[in-house]
Amino acid sequence: MSTVTFDTHQFVKKLTAAGASDQLAEALVEAQKEAIGEALGAKELATKRDLKELEIKLELKIAESKADIIRWMVGALLAQSGIIAALVKLL
């Protein structure tokens with residue numbers, strides 16, 4: 001699972017330095033922590049690693065699909081050749 005680093009103390013210091021009251025700064029920190037937690041819980045945030053893993057999975061599925069298509073085409077070609085050979089023999 002992805003980890004997001006959020007320095008709450010630094011966030012409070014920046015807010016109070018900008019003129020926010022301590023209560024407001026604490027409330028904003030809590031709201032931010034909840035927002036980050038909900039995003040992670042809903043898996044809305046993706047890291048480069050997540051995207052790379054997804055890319056690898058998709059490439060594997062595409063390769064498997066290509067192999068399946070080739071197998072079906074070869075099978076159809078062989079069946080068609082057999083049918084044509086049987087028809088030529090009958091005629």
Side-chain angles (χ1 to χ4, degrees):
M1 180 171 186
S2 303
T3 304
V4 175
T5 304
F6 178 57
D7 187 353
T8 56
H9 181 66
Q10 188 67 27
F11 192 54
V12 168
K13 282 175 44 178
K14 284 184 180 181
L15 290 172
T16 53
S21 69
D22 287 339
Q23 281 184 318
L24 178 60
E26 292 290 334
L28 288 172
V29 166
E30 288 304 315
Q32 185 69 25
K33 282 173 41 179
E34 287 176 16
I36 290 172
E38 287 175 9
L40 288 177
K43 297 202 181 239
E44 293 176 4
L45 298 178
T47 62
K48 288 181 181 181
R49 181 178 179 200
D50 295 333
L51 294 175
K52 189 65 177 173
E53 289 174 2
L54 180 60
E55 179 184 7
I56 291 168
K57 287 179 185 177
L58 287 174
E59 287 175 352
L60 180 62
K61 285 190 179 206
I62 290 170
E64 289 173 355
S65 296
K66 283 181 181 180
D68 286 343
I69 290 171
I70 290 171
R71 276 190 233 116
W72 277 98
M73 292 302 296
V74 168
L77 181 64
L78 291 174
Q80 184 180 9
S81 298
I83 291 171
I84 290 172
L87 288 174
V88 168
K89 243 184 182 180
L90 288 175
L91 297 174

Assess whether side chain to side chain contact (heavy atoms under 4.5 Å, CB included) is satisfied between L15 and L28, documenting all intermediate values.
-> CA-CA 9 Å; L15 290 172; L28 288 172; 3.8 Å; yes
Looking just at side-chain N and O atoms, do D50 and T47 make a donor-acceptor pair shorter than 3.5 Å?
-> yes
Which heavy atom in V29 sits nearest to a heavy atom in F11, and how many Å separate them?
-> CG2-CD2, 3.3 Å
Approximate separation, where rounding is to 0.5 Å, of E55 CD and K48 NZ = 13.0 Å
Which pairs with one or both residues in residues 7-23 pass side chain to side chain donor-acceptor pair (under 3.5 Å), sequence neighbours excluded?
-> none
Would you check, one step at a time, whether the test side chain to side chain contact (heavy atoms under 4.5 Å, CB included) holds for M73 with L77?
-> CA-CA 6 Å; M73 292 302 296; L77 181 64; over 6 Å; no
What distance do Q80 atom CD and I83 atom CD1 have between them, rounded to the nearest 0.5 Å?
-> 7.5 Å
Thinking salt bridges, do K57 and E53 make one under a 4.0 Å N-O criterion?
-> no
